[in-house]
Structures are given as structure tokens and as C-alpha cells.
Amino acid sequence: MSRLASLKGPSSPSPNPVRGQKARQSPAKSSPQKRGSPGPSLYDRLEPDTTPPTESTYHRKLRTILLELRGVVKTWNDLVLVDGLKAAKGLVDARTELDNSLAALPSDVQPRLRLVTPKLAVMDAKLDDLQGVLLRLRKQFKKMSSLVESVEALVIDASKTKTWTWISEEPLWFTWTLERFATRLPTLLAPYHRSLHLCVDIVEQLKPNSVSFEDSRTYLRQWIAQPWLAEAPWDDWEQICEVEVERWKESIPK
């Protein structure tokens, strides 16, 4: 008798019992159940299993890619808001100090080289630092694009060994499928691409020594604000990964 059939109650007795069989049998004594330790309820036995499936190579590869993307975003923020801002502010400060020193000289006095040369050297160094920041931002964006493409490649590879149903309908860990990760991740690229172009444009605007102090302050505010990243696109992905990727927090490098 199946377990489901046993839940419907005892079966009907046979109308023709075998001759010689005792009509009644004493029921077997069951071992007494300890108080305070009830057995599993029917609901517990029938409740669906919510344990994440056993991880495959695709699970591990996707988690690794997402962690690397997280690292790229962190590096990006450090480049823009630490290294880049320090260089841009240093450039504006050096130029402002030079302008103030020149303005303090009498109109009939020519500025000496020892006054001008050190400030010009600082400005050149800060511009070099900004160019270095732009170069590293381009590398980070290239890496970000490559990681997004690798998720698409993961789908193509999975299509050779798995069914399309597995890719598009079966959740990897909780509710998101591999296809959903692959189709949503490219939306991360556009805001960072625009942010990169904004940084390039600001550096070009800060290059001329003729730029005014007020304009320089405006460019610095734009650099800090990063309007294309104002909605923090990775923050949404961080929340998604915390919910949809098994052992996400434990996998983040300390």
C-alpha cells in the first residue's frame, strides 16, 4: 500500500475471509512515545524542500564572475572618489595658488621663475595623475565588459550540456535562472560607460591654465557627484546577489 493511500484510512475488510483465520487479533503494542518529543507532523512530511540544489560548475563560475564584478566596481569607486578627486583637487589648488600669487604682485613687476616654475610642475604632475586615472578606468570598464560577456558565454556553454529548460526555467539557487542573470547584467554597463566619458570630458575642461576658479569648482562638483552613477547601479545588484546567490556574503573577500 502506498503512503498516500495509507493517509485515507483503513481499507475495507474482505467479504470472504480465509477459513481458519482468527476473527480478532490482539493489536501489537507500540512503544510509548516520550513526552515533549512528538514525531514529525503530516505538514512537516509534505512541506516542499527549499534547500538550494547541488552546485554545478555553472553555479560556481557565475558566483566567481559576480564577485569579480563587485571588485571592479569597488576599484572604480576608489579611482574616481579617491585617486581622481585628489588629483583634480590638487590641480585646482595649485592653479589657484599661482593665480593668487601673481595677483599679489605689483602690476609693474614680472613674476620670477622660482615663483611660477614649482606651481607649474605641480599642475603638470596632477594632470599626469588624472590621465593615469582615466587609463585605469578604461581598463576597469574593459574588464567589466569582459565579465558580462563571460556570463553570456556561460549560457552558450550550458546549452551544450543542459536543456534550455534548465537554463531558462530552473532556478540556479533560489528564484533567478541563469538566463535571467545573463540578460540583466548588461544593463550595468551603460551607466559606467557614461561615467567614464564624463570623467574624460572633465579632465579636458581642466587642462587649460586659463580655466577660471568658478568653472574649476563646477567641474570638481560634477566629478564628485557622478550623475550617471547617482542611482548606484551596483547597489541593486548587491541586494540581488545577497538574496539569489547562495553563500554570497561568505564568499566576499575580507
Side-chain angles (χ1 to χ4, degrees), residues 2-4 7 39-82 136-198 226-254:
S2 68
R3 293 185 178 181
L4 290 178
L7 299 178
S41 66
L42 175 60
Y43 175 79
D44 292 332
R45 293 197 298 268
L46 298 181
E47 187 178 10
D49 186 9
T50 57
T51 304
T54 303
E55 289 195 354
S56 66
T57 302
Y58 303 106
H59 293 79
R60 293 189 290 271
K61 285 183 177 180
L62 180 60
R63 183 192 288 111
T64 299
I65 292 170
L66 292 171
L67 288 170
E68 289 187 33
L69 277 171
R70 187 181 190 276
V72 169
V73 171
K74 184 179 184 302
T75 300
W76 186 285
N77 293 339
D78 290 342
L79 286 172
V80 172
L81 298 178
V82 180
R136 284 179 283 170
L137 284 176
R138 289 188 179 97
K139 289 182 178 179
Q140 290 303 309
F141 182 75
K142 184 177 181 181
K143 183 177 181 180
M144 184 182 291
S145 301
S146 178
L147 288 169
V148 170
E149 290 175 358
S150 65
V151 178
E152 298 174 358
L154 199 61
V155 172
I156 296 174
D157 183 64
S159 67
K160 300 175 183 177
T161 58
K162 303 281 188 179
T163 64
W164 183 248
T165 300
W166 186 89
I167 296 171
S168 61
E169 296 182 16
E170 294 189 21
L172 279 178
W173 287 283
F174 298 102
T175 65
W176 276 42
T177 63
L178 178 59
E179 181 195 26
R180 191 171 184 185
F181 278 103
T183 55
R184 289 285 299 275
L185 271 174
T187 61
L188 189 65
L189 296 177
Y192 285 94
H193 190 247
R194 292 167 183 153
S195 174
L196 174 59
H197 279 280
L198 175 66
Q226 290 294 314
W228 296 114
L229 302 180
E231 296 183 358
W234 178 255
D235 286 357
D236 292 339
W237 273 100
E238 187 74 27
Q239 294 176 13
I240 291 170
C241 290
E242 288 179 3
V243 174
E244 292 293 341
V245 180
E246 178 75 4
R247 300 194 309 276
W248 173 253
K249 289 186 176 181
E250 295 89 331
S251 303
I252 297 174
K254 303 299 183 182

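Computed from a predicted structure; not experimentally measured.
Looking only at side-chain heavy atoms (C-beta outward), Leu229 and Trp76 come within less than 4.5 Å of each other. Contact of the Gln239 side chain with the Val243 side chain is not registered, since no non-hydrogen atoms from C-beta on lie closer than 4.5 Å. A heavy-atom distance below 4.5 Å is found between the side chains of Leu67 and Trp248.
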Taking distance alone, no hydrogens or angles, what donor-acceptor pairs closer than 3.5 Å link side-chain atoms of residues 154-166 to residues at least two apart or in another chain?
residue : atom : partner : partner atom : Å
Asp157  : OD2  : Tyr58   : OH           : 3.3
Ser159  : OG   : Ile156  : O            : 2.4
Thr161  : OG1  : Tyr58   : OH           : 2.6
Thr163  : OG1  : Trp166  : N            : 3.1
Trp164  : NE1  : Ser168  : OG           : 3.4

Name every donor-acceptor pair, under 3.5 Å, that has one atom in a side chain of residues 138-147 and the other anywhere in the protein, sequence neighbours excluded.
residue : atom : partner : partner atom : Å
Ser145  : OG   : Phe141  : O            : 3.0

With a cut-off of 3.5 Å and sequence neighbours excluded, list every side-chain donor-acceptor pair involving residues 185-196.
residue : atom : partner : partner atom : Å
Thr187  : OG1  : Arg184  : O            : 2.6
His193  : NE2  : His197  : NE2          : 3.4
Ser195  : OG   : Gln226  : OE1          : 2.4

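Scored by the salt bridge (Lys or Arg N to Asp or Glu O under 4.0 Å) test, Asp235 finds no partners at all (sequence neighbours excluded). Scanning for side chain to side chain contact (heavy atoms under 4.5 Å, CB included) contacts around Leu81 gives an empty result, with sequence neighbours left out. With sequence neighbours left out, the salt bridge (Lys or Arg N to Asp or Glu O under 4.0 Å) criterion links Arg247 to Glu55. Remark: Trp237 engages no residue in a side-chain hydrogen bond (donor to acceptor under 3.5 Å, both in side chains) (not counting sequence neighbours). Listed by chain and residue number, Arg70 satisfy the salt bridge (Lys or Arg N to Asp or Glu O under 4.0 Å) test with Glu238 (two or more places apart in sequence, or in another chain).
Within a 6.0 Å sphere centred on CH2 of Trp228, heavy atoms belonging to other residues, nucleotides or ligands number 12 at most.
Taking CD of Glu244 as the start and CG of Leu62 as the end, the distance is 11.0 Å to the nearest 0.5 Å.
Counted by atom type alone, Thr177 and Glu170 present zero donor-acceptor pairs between their side chains at under 3.5 Å.
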Worksheet entry | Val72 and Trp234: CA distance, side-chain angles, deciding distance, side-chain contact (heavy atoms from CB on, under 4.5 Å) verdict | CA-CA 10 Å; Val72 169; Trp234 178 255; over 6 Å; no
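The two residues Arg63 and Ser251 make their nearest non-hydrogen contact at CD-OG, 3.4 Å.
Remark: the backbone N or O of Leu172 is paired with a side-chain donor or acceptor of His59 at under 3.5 angstrom.
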